K.L.:
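Structure in structure tokens, see below.
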Amino acid sequence: MRRSLVVGNWKMNGTRASAESLAKGIIAGLGSNKAADIAVCAPYVYLPCVGDVVKGTPLALGSQNVADKPSGAFTGEISAAMLKEFNCQYALVGHSERRSYYGDTNESVAARFCQAQEQNIIPILCVGETLEEREQNKTFAVINEQLDAVINAAGITAFKAAVIAYEPVWAIGTGKTATDEQAQEVHHYIRQYIAAKDQAIADKIQILYGGSAKPDNAKGLFAMPDIDGGLIGGASLDAESFLKIYHSI
Ligand code: PEP
């Protein structure tokens with residue numbers, strides 16, 4: 001039985017005060033959901049203050065990216081070792097906004113994945129197709145390439161300490177959610193793809209769904225056999241709606 005995981009991606013939103021109060025609001029409503037873990041990926045500059053708020057609580061901390069190099073002359077980048085100092089347990093890698101606006105490639109995403117693991121930070125590898133790719137029946141081919149880049153760089157055993165988030169690009173921030181069946185089909189595909197290389201890892205790895213997940217559609221998505229929770233953007237900015245999603249598990 002896999003544990004579920006719900007992760008909030010706050011993106012570039014909020015202020016220091018709102019980030020602290022959002023984290024406090026989430027913690028206040030956690031209750032005792034024993035079936036699922038929960039984390040928030042805060043903007044880099046708010047990791048220290050949100051880290052102070054979450055310390056000693058079940059709410060884990062994550063970053064929204066991590067550098068593809070360990071240190072050095074890489075202006076504007078934040079290394080995995082720096083994130084570790086602020087108790088980040090998770091790091092998103094390959095979010096579609098990074099891939100489409102900031103030039104992340106499958107190879108640089110794989111390097112970020114490896115850097116996170118070097119510091120025992122769990123990478124949350126985001127994969128997913130654009131609408132055009134889906135319409136051209138390229139969904140599985142795109143996912144293969146995105147997974148292969150990481151498998152080639154890190155090896156399949158690296159997936160023992162990683163999370164995958166399937167995020168169809170056409171569903172992110174658009175209000176268009178994949179249907180439960182559309183999401184399950186791709187999640188199942190991803191699990192089988194991993195299983196062909198290592199069945200035990202495939203059975204254990206958490207595969208999250210992301211893309212306009214909300215309190216009113218989370219239950220159906222989370223009920224699917226290969227969906228182990230969610231990566232939540234917009235709806236994670238409000239404690240009440242994020243908690244409703246978390247408690248739908
Ligand atoms: C995301 O940014 O990972 C995401 C899933 O966003 P949203 O929930 O807003 O679609």
Side-chain angles (χ1 to χ4, degrees), residues 4-14 18-19 22 26 36-44 46-47 50 59-66 88-104 109 112-113 116 122-131 133-134 139 142-143 146-147 162-180 182-184 186-187 190 206-222 224 226-249:
S4 297
L5 172 66
V6 174
V7 180
N9 174 14
W10 291 354
K11 311 197 187 194
M12 195 175 71
N13 288 298
S18 73
L22 179 51
I26 295 167
D37 294 325
I38 185 165
V40 290
C41 295
Y44 283 138
Y46 301 144
L47 290 173
V50 175
L59 182 60
L61 189 64
S63 64
Q64 299 173 16
N65 197 6
V66 57
C88 275
Q89 284 169 251
Y90 296 95
L92 300 182
V93 299
H95 189 280
S96 70
E97 287 152 18
R98 302 297 318 173
R99 293 180 190 262
S100 58
Y101 306 146
Y102 299 100
D104 262 10
V109 170
R112 295 178 196 283
F113 180 105
I122 297 172
I124 301 176
L125 172 65
C126 303
V127 298
E129 80 289 0
T130 63
L131 185 57
E133 288 161 345
R134 174 163 278 262
T139 298
V142 169
I143 304 269
Q146 292 171 332
L147 291 176
V163 173
I164 297 174
Y166 169 56
E167 299 210 297
V169 179
W170 47 272
I172 297 178
T174 58
K176 278 190 212 158
T177 322
T179 63
D180 301 343
Q182 278 175 323
Q184 165 59 23
V186 182
H187 280 238
I190 293 171
Q206 293 165 316
I207 308 178
L208 313 184
Y209 169 78
S212 299
K214 303 216 162 27
D216 60 358
N217 58 27
K219 213 174 181 66
L221 287 160
F222 296 166
M224 292 287 140
D226 288 296
I227 300 184
D228 307 311
L231 177 54
I232 318 297
S236 73
L237 293 172
D238 174 71
E240 201 184 318
S241 62
F242 188 52
L243 285 164
K244 275 191 188 147
I245 294 172
Y246 172 63
H247 289 302
S248 314
I249 298 258

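Every number for a ligand or one of its atoms is a count from 1 in the order of the listing. What you see is a predicted model; the values in this text were computed from it and never measured.
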K.L.:
Report the relative orientation of the aromatic rings in H187 and Y209; use parallel for angles under 30°, tilted for 30 to 60°, perpendicular for over 60°.
P.N.:
tilted
K.L.:
Please name all residues satisfying salt bridge (Lys or Arg N to Asp or Glu O under 4.0 Å) with E97, sequence neighbours left out, ordered by chain then number.
P.N.:
K11
K.L.:
For N9, is there any backbone N or O sitting under 3.5 Å from a side-chain donor or acceptor partner on Q64?
P.N.:
no
K.L.:
Quick one: OG1 on T177 to CD1 on I172, what's the gap to the nearest 0.5 Å?
P.N.:
11.5 Å
K.L.:
So Q182 and T139, side chain to side chain contact (heavy atoms under 4.5 Å, CB included) or not? Walk me through it.
P.N.:
CA-CA 11 Å; Q182 278 175 323; T139 298; over 6 Å; no
K.L.:
Less than 4.5 Å apart, any side-chain heavy atom of Q206 and any of S4?
P.N.:
no
K.L.:
I need the contact residues for ligand 1: any residue with a non-hydrogen atom closer than 4.0 Å to the ligand, ordered by chain then number.
P.N.:
N9, K11, H95, E167, A171, I172, G173, G210, G211, S212, L231, I232, G233, G234
